[in-house]
Every structure is written in structure tokens, then in C-alpha cells.
A.B. asks: 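One structure, as C-alpha cells, below. Some questions next.
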Number of protein chains: 2
Amino acid sequence: MSTPDRKARDAEKVARRRQSLIEAAITVIARKGLPGMTLADVAREAGCGYGLVSFHFETKERLLLASLDALVEEYRAAWHARSDAHNDPAAKLEALIDLDLGSDVADERHIAVWTAFWAETPRNADYRTRFSELNNAYLARLEPLISALAAAEPVSTDHRLIAGGLSALFDGLWIGSQTGGQDGADWSRARATCRAYLLAFFPKSFGPETDWRP
Amino acid sequence: MSTPDRKARDAEKVARRRQSLIEAAITVIARKGLPGMTLADVAREAGCGYGLVSFHFETKERLLLASLDALVEEYRAAWHARSDAHNDPAAKLEALIDLDLGSDVADERHIAVWTAFWAETPRNADYRTRFSELNNAYLARLEPLISALAAAEPVSTDHRLIAGGLSALFDGLWIGSQTGGQDGADWSRARATCRAYLLAFFPKSFGPETDWRP
DNA sequence: CACCATTGACTGATCAATCAGTCTACGCAA
DNA sequence: TTGCGTAGACTGATTGATCAGTCAATGGTG
């Protein structure tokens with residue numbers, strides 16, 4: 001039974017190569033934007049020839065879609081890991097805030113890529129589907145946390161509205177981190193903004209911010 | 001004194017022509033994105049020859065910058081008008097919510113153009129300057145409103161944090177309107193999200209939402 | 001030898017920018 | 001009033017550069 005081994009090893013090698021090309025693509029997208037990314041750029045970044053990119057992804061569009069899928073998966077995995085590391089709903093929310101605002105899946109490079117895909121959303125149904133699914137999955141995890149807090153500390157506002165607002169707040173703070181000042185984003189201020197949001201709805205579950213002073 | 005008349009009329013005509021080219025550019029950007037916009041597209045949309053676009057704006061980049069400036073000015077004018085139409089801080093805030101989420105300066109077309117410029121922000125210092133200034137001006141108008149509410153109804157959270165959060169919420173809800181469902185954005189839900197935000201900080205000044213039910 | 005990942009020159013298409021020339025409206029002089 | 005001259009708004013063919021996608025040739029490995 002050597003054939004299956006061979007096949008498996010080859011498949012793994014191809015998968016690794018594809019992964020390296022996707023990582024190179026993401027790096028280039030962060031630097032030059034979606035339409036600015038060139039297949040030659042990706043090849044140079046990955047240290048391989050031009051034709052190899054075509055060989056593994058046929059078209060630029062397919063490479064972009066694969067890159068978006070990788071980005072989504074990386075984000076989703078990080079978020080599940082952080083969320084599962086806690087039992088308390090408030091602690092889970094704090095962990096999500098830390099993930100979204102200051103972690104290595106939400107650094108300047110990654111956010112530039114997210115916004116690049118956002119900008120193409122009106123013209124690309126595939127991107128729209130990805131974002132829609134990701135957001136639904138995100139809200140499906142967020143809403144129970146809000147409801148759990150509301151069980152201990154009743155609130156008159158609809159839980160789904162609170163969850164949706166937090167999710168929108170994350171997106172808006174990402175935008176702000178790009179358009180804001182000349183120097184990098186103020187992540188501790190961004191985190192404080194989110195905590196203030198939750199604190200306003202659930203004063204007992206969220207203490208005042210500790211890592212930011214006006 | 002006929003020469004000054006001539007000059008003035010000519011200048012006005014040129015200004016009108018430039019304005020029509022900028023409007024055509026914004027329409028094309030909404031449809032094809034920033035790098036996807038072609039000078040030939042703009043000429044076709046404006047119903048003039050190719051060379052005229054070059055004649056009035058020299059380069060594509062200058063046309064884009066002029067379009068962004070026009071967009072910013074249109075938004076700023078609408079926002080001042082709505083804000084000045086009320087005396088009560090809470091009413092001013094409601095007016096800003098209505099402006100940002102559902103008015104004709106925040107329709108699908110305009111938002112697509114804003115996000116297109118956002119996506120180029122990491123590579124264009126001019127865009128960054130524009131956004132930074134606009135945001136500062138916005139916050140300078142928002143913070144006093146929050147402070148006025150806090151005067152009647154004290155809140156422990158820093159006023160600037162609350163204002164910044166509302167601004168980020170607007171941006172995030174714009175993103176959501178693009179990436180969200182297949183059909184258009186749910187603006188009444190978006191407005192309810194913002195009212196819930198303010199309601200959480202200032203329960204007495206903001207009644208429960210009236211135009212949205214879960 | 002057979003297979004397939006890999007290479008990079010080549011093709012055709014697209015676009016921004018240039019430029020030589022046309023057209024139009026106006027002022028002016030007879 | 002009529003005809004002439006000019007400024008500058010306006011045109012679109014051309015140019016040179018860039019890019020995605022193709023393909024025939026190469027090399028390395030089992």
C-alpha cells in the first residue's frame with residue numbers, strides 16, 4: 001500500500017504550496033489592495049515562478065476567493081478558541097473584544113485585507129455570501145451570551161439588537177483604526193468603547209474599564 | 001466692464017462642467033469601484049468626450065480626490081442642516097441617526113463610494129487626511145450633544161467615549177448594510193440599534209424605539 | 001521512463017496620459 | 001450690423017505601459 005501514501009504526501013505538498021500562495025496573496029493584498037494585487041506580485045512574494053500561481057488557482061478571482069476563505073477560517077478558529085477558553089458569558093465577551101481589537105488576527109495588515117474585500121462586496125456575490133454567513137455565525141454565538149447576561153440582569157432592549165450593535169461596533173472601530181490618526185490605532189481606547197457599550201446595558205456584569213483613562 | 005462678466009460666466013460654466021464630471025465619477029465609482037473606474041467610463045456617463053475629463057482634472061487621481069471632497073462636502077452640509085433644525089440635543093441626535101441611516105446621502109450608491117475610498121486609505125495619505133478631518137469635525141459636534149444629555153442625566157462613562165462609539169456604530173452599520181443580506185439594508189433596524197445605544201446611556205432622554213419591532 | 005510541479009516568454013486586452021486638431025462663443029473693429 | 005480673430009472648451013486617435021491568462025519547454029522524483 002504505497003500508492004495511498006504517495007497520494008497523501010503529494011496532496012499534502014500541494015496543500016502546503018496552495019497555503020503559501022494564499023499567504024503571499026494576503027500579504028500583497030494588504031499592501032496593494034484587491035485590484036492592485038498582481039499575479040506576478042504573488043509569485044515574487046511566494047518566491048516562485050509566475051506560472052505556478054496560474055497552475056494552482058487558474059484565475060486571479062479564484063485565488064482571491066481562496067484567500068478570503070482562508071481569512072474567514074483563520075478568524076473563525078481564533079474566535080472559537082478564545083470564546084471556548086472561558087465559561088462566564090462576560091469573560092467570553094471580554095475575550096472577543098480582546099480578539100477583535102488588538103490581537104494578531106486583527107492587526108493593521110489583516111484589517112486592510114478585510115476592508116479591501118468589503119469594498120468589492122457590491123460587485124461580488126461570492127464575497128457577499130461569505131460575509132453574510134460569517135456574520136450570521138458570529139451573531140449566533142453572540143446572542144446567547146447577551147441573553148445569558150440578561151438572565152442575571154434583565155434589560156428592556158431586544159437581545160438581538162444588542163448583539164448586532166456590538167458586532168457593528170467592532171466593524172466601525174476597524175474602519176476607524178484605518179482612517180483615524182496618522183499613527184496606528186488606539187486599541188485600548190477601542191476596547192474601552194466596547195466595554196462602555198456592554199457596561200451601559202449590563203452595569204453589574206461589567207466593571208468600569210481598567211486599561212484606559214480619558 | 002464686460003470682461004469681468006465674461007470671466008465670471010466662464011468660471012461658472014467651468015465649475016458646472018467640473019461638477020457634472022464629479023457626479024458622473026461618483027456614479028461610476030459606485031458601480032465599478034475606485035480602480036475599476038475608467039476615464040472613458042466617466043466621459044460616457046457625463047456624455048462628453050474622453051479628452052474633456054483629462055482637460056479638467058489632468059489625472060485620474062485628481063478626479064478621485066475632487067470626488068471625495070465633493071462627497072465629504074455634501075455629507076457635511078446635510079448633517080449641519082439636519083442638526084441645526086433642532087434645539088433639543090436628543091432631537092439633534094435623532095436627526096443625525098435619520099441622516100446616517102436611511103437618508104439620501106446614505107443610500108446604497110453613496111455608501112459604496114465611501115467604502116471604496118476606505119479601502120484605499122492605507123495607500124493614500126490624502127484620503128486619510130480627509131477622513132481624519134471629517135471624523136474630528138463630526139466628533140466635535142457630537143460630543144457637546146452627549147455632554148448636554150449627561151448634564152440632565154449624569155453618566156459614569158467618558159463623554160468622548162460615548163460619542164466615539166456612536167460614530168463607530170454608524171460606520172459599522174454602513175458596512176453591515178453592504179455585506180448583510182441579499183436584499184437591501186434594514187435601515188429601521190439600524191436606527192433602532194443606535195437608539196438602543198443612546199437609550200442604554202440615557203434612559204430618560206430616549207424613549208423606547210417606535211419604528212421597529214423584533 | 002512517466003508523471004507532474006514548475007518556469008517564464010508570449011499574446012491580446014485594457015487603461016492613463018498625450019497631443020494635434022476642431023468647434024464655438026465672444027469681443028472688436030469697420 | 002457684419003465679418004474677423006482669438007481663447008479655450010472639447011474631441012478622439014495614438015502611445016506606451018501593465019496585466020491576466022496561455023503554453024511549450026524544463027527538471028526532478030519515484
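In what follows, every chain begins at residue 1, and chains take the letters A, B, ... in the order their sequences are listed. All heavy atoms count here, side chains included; hydrogens, waters and symmetry mates do not.
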A.B. asks: Which pairs pass salt bridge (Lys or Arg N to Asp or Glu O under 4.0 Å) with one or both residues in residues 51-66 of chain A, sequence neighbours excluded?
C.D. replies: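 Checked against salt bridge (Lys or Arg N to Asp or Glu O under 4.0 Å) - neighbours excluded - the pairs reaching residues 51-66 of chain A are A:Glu58-A:Arg62.
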A.B. asks: Considering only NZ, NE, NH1 and NH2 on the basic side and carboxylate oxygens on the acidic side, decide whether B:Arg109 and B:Asp104 come within less than 4.0 Å.
C.D. replies: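 No, no charged N to carboxylate O under 4.0 Å.
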A.B. asks: Measuring from the side chain of B:Cys48 (C-beta onward, heavy atoms only), which nucleotide among C:dT7, D:dT11, D:dA9 has the closest atom?
C.D. replies: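 Closest nucleotide among those given: D:dT11.
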A.B. asks: Taking the minimum atom-to-atom distance to the side chain of B:Phe55, which one of D:dA9, D:dG21, C:dT18 wins?
C.D. replies: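 Of all the options, the side chain of B:Phe55 is nearest to D:dA9.
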A.B. asks: What's the closest nucleotide to the side chain of B:Val14 if the choices are D:dA9, D:dG21, D:dC10?
C.D. replies: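 Closest nucleotide to the B:Val14 side chain: D:dA9.
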A.B. asks: Taking atom CG of A:Asn87 as the centre, report whether more than 12 heavy atoms of other residues, nucleotides or ligands fall under 6.0 Å from it.
C.D. replies: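 Open.
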A.B. asks: Expressed in angstrom and rounded to an integer, what is the separation of B:Glu12 atom CD from D:dA9 atom P?
C.D. replies: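 Spelled out: CD on B:Glu12 to P on D:dA9 is 14 Å.
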A.B. asks: Here's a test for you: under side-chain contact (heavy atoms from CB on, under 4.5 Å), which of B:Val42, B:Val113, B:Leu21 qualifies with B:Ile26?
C.D. replies: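 Per the side-chain contact (heavy atoms from CB on, under 4.5 Å) rule, the option paired with B:Ile26 is B:Val113, out of B:Val42, B:Val113, B:Leu21.
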A.B. asks: Name the residue closer to the 5' end of DNA chain D, choosing between A:Gly51 and A:Asp41 according to the nucleotide with the nearest heavy atom.
C.D. replies: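 Closest to the 5' end, via its nearest nucleotide, is A:Asp41.
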A.B. asks: Closest to the B:Lys60 side chain: C:dA5, D:dA9, C:dA16?
C.D. replies: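 Of the candidates, C:dA16 comes closest.
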A.B. asks: Roughly, in whole Å, what's the span from CE in A:Met37 to C1' in D:dT18?
C.D. replies: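 Distance, rounded to whole Å: 15 Å.
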A.B. asks: As a test of reading the structure: which of C:dA9, D:dA13, D:dA9 is closest to the side chain of A:Tyr50, going by heavy atoms?
C.D. replies: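 Shortest atom-to-atom distance from the side chain points to C:dA9.
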A.B. asks: Kindly calculate the angle separating the two end axes of the helix from C:dC1-D:dG30 to C:dA30-D:dT1, each obtained from five base pairs, and round it to 10 degrees.
C.D. replies: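 Computed angle between terminal axes is 0°.
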A.B. asks: Need one value for B:Leu52: base, sugar-phosphate or nothing, where a base atom within 4.0 Å counts as base even if backbone is also close, heavy atoms only.
C.D. replies: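 Base: the residue B:Leu52, judged by heavy atoms under 4.0 Å, touches a nucleobase.
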A.B. asks: Could you state the atom-to-atom distance from CZ of B:Arg16 to C1' of D:dA9 in whole Å?
C.D. replies: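 Interatomic distance, CZ of B:Arg16 to C1' of D:dA9: 14 Å.
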A.B. asks: May I have the distance from B:Glu58 (atom CD) to C:dT18 (atom C1'), rounded to whole angstrom?
C.D. replies: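 The distance from CD of B:Glu58 to C1' of C:dT18 comes to 13 Å, rounded to the nearest Å.
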A.B. asks: Would one find a side-chain N or O of B:Thr38 under 4.0 angstrom from OP1 or OP2 of C:dC15?
C.D. replies: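 Yes, within the criterion.
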A.B. asks: Take atom NZ of B:Lys13 and atom C1' of C:dC23, then tell me their distance rounded to the nearest Å.
C.D. replies: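 Going from NZ in B:Lys13 over to C1' in C:dC23 covers 11 Å.
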A.B. asks: Could you state the CG-C1' distance from B:Leu39 to C:dT14, rounded to the nearest angstrom?
C.D. replies: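 Rounded to whole Å, this separation is 12 Å.
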A.B. asks: State whether A:Arg195 and A:Glu94 are salt-bridged, where the test is any N-O pair (Lys NZ or Arg NE/NH1/NH2 against Asp/Glu carboxylate O) under 4.0 Å.
C.D. replies: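 Judged by the 4.0 Å cut-off on N to carboxylate O distance, A:Arg195 and A:Glu94 do form a salt bridge.
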A.B. asks: Roughly, in whole Å, what's the span from CZ in B:Phe57 to P in C:dA16?
C.D. replies: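 Interatomic distance, CZ of B:Phe57 to P of C:dA16: 15 Å.
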A.B. asks: When you compare the side chain of A:His110 with that of A:Glu74, does any pair of heavy atoms fall below 4.5 Å?
C.D. replies: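 Yes. Closest side-chain heavy atoms under 4.5 Å.
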A.B. asks: Roughly, in whole Å, what's the span from CZ in A:Arg18 to C1' in C:dT6?
C.D. replies: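 Between C1' of C:dT6 and CZ of A:Arg18: 16 Å.
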A.B. asks: Regarding A:Lys32 and A:Asp41, does a basic nitrogen lie under 4.0 Å from an acidic carboxylate oxygen?
C.D. replies: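 So A:Lys32 pairs with A:Asp41 through a salt bridge.
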